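Heads up: the structure comes next, in structure tokens.
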Amino acid sequence: MHLARSFCFLTMHRWDLPPEEAIKVQNELRSKVDLKNRVDLSKVRLIAASDLAYDGDIGYAVILVYSYPDLRLLEEVSVKRRVDFPYIPGLLAFREMPLLIEAADKLKKKPDVWLIDGAGIAHPRRMGIASHFGIYVDAPTVGCAKSHLFGKFKEPGPKQGDYTYLYDKDEIVGVVLRTKDGVKPLFISVGYGISLDVAVRLILSCCDGYRLPKPLREAHNVIERIKREGDKMTLF
DNA sequence: GCGACAG
DNA sequence: ATCTTGTCGC
């Protein structure tokens with residue numbers, strides 16, 4: 001893991017780029033997204049999810065690793081670090097990935113699939129944070145956004161499991177998925193190394209009666225607590 | 001030119 | 001994401 005991080009820091013790119021340069025990087029990374037399905041749901045044993053929270057320019061990130069499909073918490077890592085890149089629609093990875101990378105580096109277990117808050121290829125340049133992070137860790141990722149960023153769609157039916165497709169022109173870039181009866185849908189897209197239908201089945205199998213898949217739900221709860229007790233943590 | 005715009 | 005009171009509904 002440490003070797004992997006050093007390797008990636010040398011080969012990827014810097015994160016403190018001006019927006020115009022960041023967009024160029026995204027366009028260059030576009031060809032590196034693995035769209036082959038590497039995930040056999042019956043072989044998934046470890047599933048990870050992350051979430052971030054902010055206190056001014058201080059950011060916190062947590063990664064939780066769960067067993068699958070029974071969804072028992074197996075590992076938790078968190079980091080605290082100053083964040084300078086602002087939130088810019090389409091450039092979320094440049095704000096959040098340094099935190100995610102640092103947290104991922106502390107992980108002892110190697111997740112089979114990652115659930116990432118935000119978009120995958122349902123992005124203007126097909127390079128949402130889930131895809132960007134997938135390239136970095138070279139592991140399957142699913143983009144799981146709570147609201148819309150990119151793509152045309154029709155509202156899905158009201159029942160749990162109802163869905164419609166997200167389109168860019170004639171191309172399907174994601175699914176608008178009703179994960180719970182009568183609540184706002186989730187915007188699911190392939191991040192890296194997984195097919196859209198497997199991603200959707202995976203998400204649904206993690207939403208035990210709630211709108212958000214359990215790992216993301218609990219990552220959110222944990223990061224809120226960590227931020228409240230942020231004094232007791234050391235900066236990186 | 002006018003909206004839309006993950007977290 | 002964060003700010004931030006009351007309020008509608010199961």
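Note that the structure is a prediction, hence the values are computed from the model and not measured.
Rounded to whole Å, atom P of dG7(B) lies 7 Å from atom OH of Y87(A). Rounded to whole angstrom, the span from the CZ atom of R211(A) across to the P atom of dC10(C) amounts to 19 Å. L99(A) places its CG atom 16 Å from the P atom of dG7(B), with the value rounded to the nearest Å. Atom NZ in K184(A) sits about 8 Å away from atom P in dG7(B), given to the nearest Å. Atom pair H220(A):NE2 and dA1(C):C1' shows a separation of 9 Å (rounding to whole Å applied). Distance D51(A) CG to dA6(B) P: 15 Å, rounded to the nearest Å. Atoms CD1 (I129(A)) and P (dA1(C)) sit 13 Å apart, rounded to a whole Å. With rounding to whole Å, L92(A) atom CG is found 6 Å from dA6(B) atom C1'.
The pair R72(A)-D70(A) fails the salt-bridge criterion, with no side-chain N (NZ, NE, NH1 or NH2) lying under 4.0 Å from an Asp/Glu carboxylate O. Of the charged side-chain nitrogens involved, at least one lies within less than 4.0 Å of a carboxylate oxygen, so that E102(A) and R81(A) count as a salt-bridged pair. Taking a cutoff of 4.0 Å between a charged side-chain nitrogen and a carboxylate oxygen, D112(A) and R45(A) do not qualify as a salt bridge.
Closest approach to the L149(A) side chain among dT2(C), dG7(B), dA6(B) is made by dA6(B) (side chain taken as heavy atoms from C-beta onward). The nucleotide whose nearest atom lies closest to any side-chain atom of H123(A) is, among dA6(B), dT2(C), dC5(B), dA6(B).
Atoms CG and CD, on L17(A) and Q26(A) in that order, are 10.5 Å from each other to the nearest 0.5 Å.
Ring centers of H123(A) and F150(A): at least 6.0 Å apart, outside the cut-off.
Residue A53(A) is in sugar-phosphate contact alone, with no base atom involved, counting any heavy-atom pair closer than 4.0 Å across all strands shown. G90(A) comes within 4.0 angstrom of a base, heavy atoms only. Residue contacts shown for L91(A) include a base, since a base heavy atom lies under 4.0 Å away.
Proximity of K227(A) to the phosphate of dA1(C): no side-chain N or O atom is located under 4.0 Å from OP1 or OP2. Considering only side-chain N and O atoms, K146(A) lies nowhere under 4.0 angstrom from the phosphate OP1 or OP2 of dA6(B). Listed pair S147(A) / dC5(B) fails the phosphate criterion, with no side-chain N or O lying under 4.0 Å from OP1 or OP2.
A stacked arrangement is not assigned to Y54(A) and the six-membered base ring of dA1(C), the conditions of a centre distance below 5.5 Å and an interplanar angle below 30° not being jointly met.
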